[in-house]
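Data block below; observations after.
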Amino acid sequence: MSEHDIRVRFAPSPTGPLHIGGVRTALYNYLFARKNGGKFILRIEDTDQTRFVPGAEDYIIRAFDWCGIEFDEGVTKGGDYGPYKQSERKAMYKEYADRLMVSGHAYYAFDTAEELTELRKKFEAKKETFTYNAAERKRLKNSLALTEAETQKLLEANTPFVIRFKMPEDQTVRMDDLIRGTIEVQANVLDDKVLFKSDGMPTYHLANVVDDHLMKISHVIRGEEWLPSLPLHVLLYDAFGWETPQFAHLPLLLKPDGKGKLSKRDGDRLGFPVFPLQWTDPKTGETTRGYREDGYFPEAFINMLALLGWNPGDEREIFSLDEMSAAFSIERVGKSGSRFNPEKAKWFNHQYMLKKSNKELAGQFLPFIKKEGVIADIDYIEKVVGLVKERAHFVHELWDQADFFFKAPSEFDPKAVKKRWKQVSYDQMTELKTLLSGLDNFSSGNAESVVKKWIEEKEYSMGAVLNAFRLLIVGALKGPHLFDIIALIGQEETLRRIEIGLYELGRKE
RNA sequence: GGUCCGUUCGUCUAGCCAGGUCAGGACGCCAGGUUUUCAUCCUGGUAACACGGGUUCAAAUCCCGUACGGACUACCA
């Protein structure tokens with residue numbers, strides 16, 4: 001393996017279901033790896049034991065599985081750079097923290113969480129912000145302020161400690177971001193972040209830098225919320241004497257209305273999912289809807305997500321994962337946050353509905369038909385789907401568009417009856433029944449030409465006859481081309497429905 | 001409050017880096033056409049460079065400022 005191999009990672013924390021913003025971040029990493037012939041790695045960042053949520057890791061894996069996003073290495077895949085779960089790498093982090101101690105880039109701090117909280121409160125009362133930095137560290141309980149003997153004594157007494165990064169003074173940190181360009185920050189304004197916690201676990205900052213280096217990550221593509229800690233990370237690479245990977249910080253997903261980033265509450269409030277899969281909170285038992293359960297096709301979901309912040313530079317909008325991979329480039333990712341638009345999400349699903357084969361759709365439609373207590377042949381369902389798929393956004397909407405293919409109307413839309421069932425209708429339909437019963441060729445085309453010829457010869461109103469006919473067959477003024485319908489349900493059923501309709505609607509006085 | 005990031009139709013965005021087009025496309029919405037139903041589809045329309053300076057013959061594009069928005073500011077990631 002050469003030094004220049006492209007390796008990217010997605011590193012979620014198993015603290016709950018994966019937000020669609022996270023899915024998008026993973027997607028961009030995946031596309032970047034595919035485009036550049038690189039590897040895509042899934043690493044679980046579970047260094048916070050207090051926030052562990054059972055089932056979350058499994059959820060994350062199932063979610064990507066559904067999306068069709070595959071990893072080359074990671075918790076489920078294995079690989080040469082494992083383990084891929086940080087809790088299983090625990091032992092090594094202390095070693096790296098110690099290296100920083102030795103090189104003078106880090107120090108022990110014995111301040112308790114309570115003491116620091118107290119300090120922050122005091123500062124706040126003075127309308128100031130407490131920062132653990134060069135100005136303050138001398139007055140606090142740490143190995144920089146204490147004598148060596150005092151420090152040693154505390155250590156020997158097993159006093160809980162953390163290891164903090166010693167932020168350099170008077171240094172300008174220069175960073176390059178693939179999306180935002182060059183960013184400069186004065187190290188003075190940064191604080192001495194905790195690298196190693198008193199529970200023996202590293203913080204995100206240490207773990208992510210160590211792991212990214214050890215796993216030979218070439219590009220760190222992550223959410224914008226990490227931008228403020230980028231200087232720390234860059235300084236950490238420097239302190240270790242490691243080459244920094246390239247960075248790209250992705251813009252946020254914003255809520256459809258109002259201000260701020262997209263949250264679970266927006267989904268509940270506006271009626272759309274914020275998670276790929278349904279999630280049931282193990283503690284509260286509360287269930288949150290997912291895109292899959294709402295009837296979205298994974299391809300549509302991914303396609304919609306990809307275009308939220310990225311565009312190919314031409315006017316294409318419908319992409320398969322392969323097409324997206326080929327077209328993707330990090331330079332074409334926008335800088336500003338994207339407002340999520342539920343309407344367009346539906347449109348995407350409709351596009352995929354149109355694209356999908358009738359066979360595949362029929363298979364997905366089958367359970368809904370069974371639920372209605374109807375038994376139907378799969379070939380028949382396929383033909384039905386072909387006629388109605390363009391009128392639905394989701395598979396679950398198909399039944400409403402197609403129920404009349406499976407059963408005679410049980411009721412007739414009163415408004416339609418009022419509008420289209422006239423005095424003459426009864427006699428005309430009776431005549432039509434006779435006409436149709438004599439047909440040998442009941443194909444859509446033949447039935448249509450015979451019926452229309454008859455209407456013309458009798459000088460009936462085309463609209464009146466056809467709409468009354470539709471009413472008897474469908475029960476409402478909706479549906480595909482009428483003659484396609486009767487050809488599909490067949491001559492016998494067509495005649496039966498006319499008969500039933502005649503009986504139900506009767507002769508209008 | 002501090003630090004950093006951002007700002008083109010209602011929304012997603014192209015155009016910006018290498019200044020010069022009636023600022024283009026898509027979703028939505030509106031109108032017309034097709035479908036003697038409804039939906040699809042087709043055609044057309046609606047609608048934007050946050051504001052103020054500067055540089056220039058010329059600024060959406062380059063520079064500065066302002067406003068607004070966002071993220072971060074934990075022994076969370």
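Heavy atoms only: backbone and side chains are in, while hydrogens, waters and symmetry mates are out. Letters go in sequence order (proteins before strands), and every chain restarts at 1. Keep in mind the model is a prediction, meaning the values are calculated, not measured.
- A:Arg332 has a side-chain polar atom (N or O) that falls below the 4.0 Å cut-off from OP1 or OP2 of B:rG15.
- Taking the six-membered ring for Trp, A:Tyr296 and A:Phe394 have ring centres closer than 6.0 Å.
- For B:rG69, neither phosphate oxygen OP1 nor OP2 lies less than 4.0 angstrom from any side-chain nitrogen or oxygen of A:Ser336.
- When ring centroids are compared, A:Tyr28 and A:Trp310 stay outside the 6.0 Å threshold.
- Phosphate proximity of B:rU13 to A:Asn311: absent, as no side-chain N or O sits under 4.0 Å from OP1 or OP2.
- Put simply, A:Thr112 has no side-chain N or O that comes within less than 4.0 Å of OP1 or OP2 on B:rC75.
- Partners of A:Phe64 by ring pair (Phe, Tyr, Trp, His ring centres under 6.0 Å), not counting sequence neighbours, listed by chain and number: A:Phe10, A:Phe71.
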Short heteroatom pairs, N/O only, protein and nucleotides 1-4 of chain B, under 3.5 Å:
unit_1	atom_1	unit_2	atom_2	d
B:rG1	N2	A:Thr129	OG1	3.2

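- Of the candidates A:Val162, A:Thr151, A:Asn142, A:Tyr108 forms a side-chain contact (heavy atoms from CB on, under 4.5 Å) with just one, namely A:Thr151.
- Proximity of A:Lys193 to the phosphate of B:rU73: no side-chain N or O atom is located under 4.0 Å from OP1 or OP2.
- Rounded to a whole Å, the CE atom of A:Met201 is 13 Å from the C1' atom of B:rA77.
- One P atom belongs to B:rC72, the other to B:rC63, and the distance between them is 28 Å to the nearest Å.
- Residue A:Arg180 is classed as a sugar-phosphate contact, given heavy-atom separations below 4.0 Å to backbone atoms only.
- In this structure, A:Arg164 reaches the B:rC75 phosphate: one of its side-chain N or O atoms is under 4.0 Å from OP1 or OP2.
- Here A:Lys197 reaches the OP1 or OP2 of B:rA77: one of its side-chain N or O atoms lies under 4.0 Å away.
- Counting to the nearest Å, the P atom of B:rC5 and the CD atom of A:Glu225 are 16 Å from each other.
- At the phosphate of B:rA74, OP1 or OP2 sits under 4.0 Å from a side-chain N or O atom of A:Arg120.
- Rounded to the nearest 0.5 angstrom, A:Phe404 CZ and A:Trp399 CH2 are separated by 10.5 Å.
- Taking atom C1' on both nucleotides, B:rG45 is separated from B:rC22 by 16 Å, rounded to a whole Å.
- A donor-acceptor pair under 3.5 Å is formed between the side chain of A:Asp177 and the backbone N or O of A:His249.
- Using atom P as the reference point in both B:rC9 and B:rC5, the two lie 23 Å apart (nearest Å).
- Among pairs with a residue in residues 459-479 of chain A, those fulfilling ring-ring contact (aromatic ring centres under 6.0 Å, His included) read A:Trp454-A:Tyr460, at least two apart in sequence or across chains.
- Rounded to whole Å, the separation between the P atoms of B:rU66 and B:rU21 comes to 30 Å.
- Comparing B:rG10, B:rA39, B:rA71 against the side chain of A:Glu390 picks out B:rA39 as the nearest.
- Taking the P atom of each, B:rG69 and B:rG53 are spaced 23 Å apart, rounded to whole Å.
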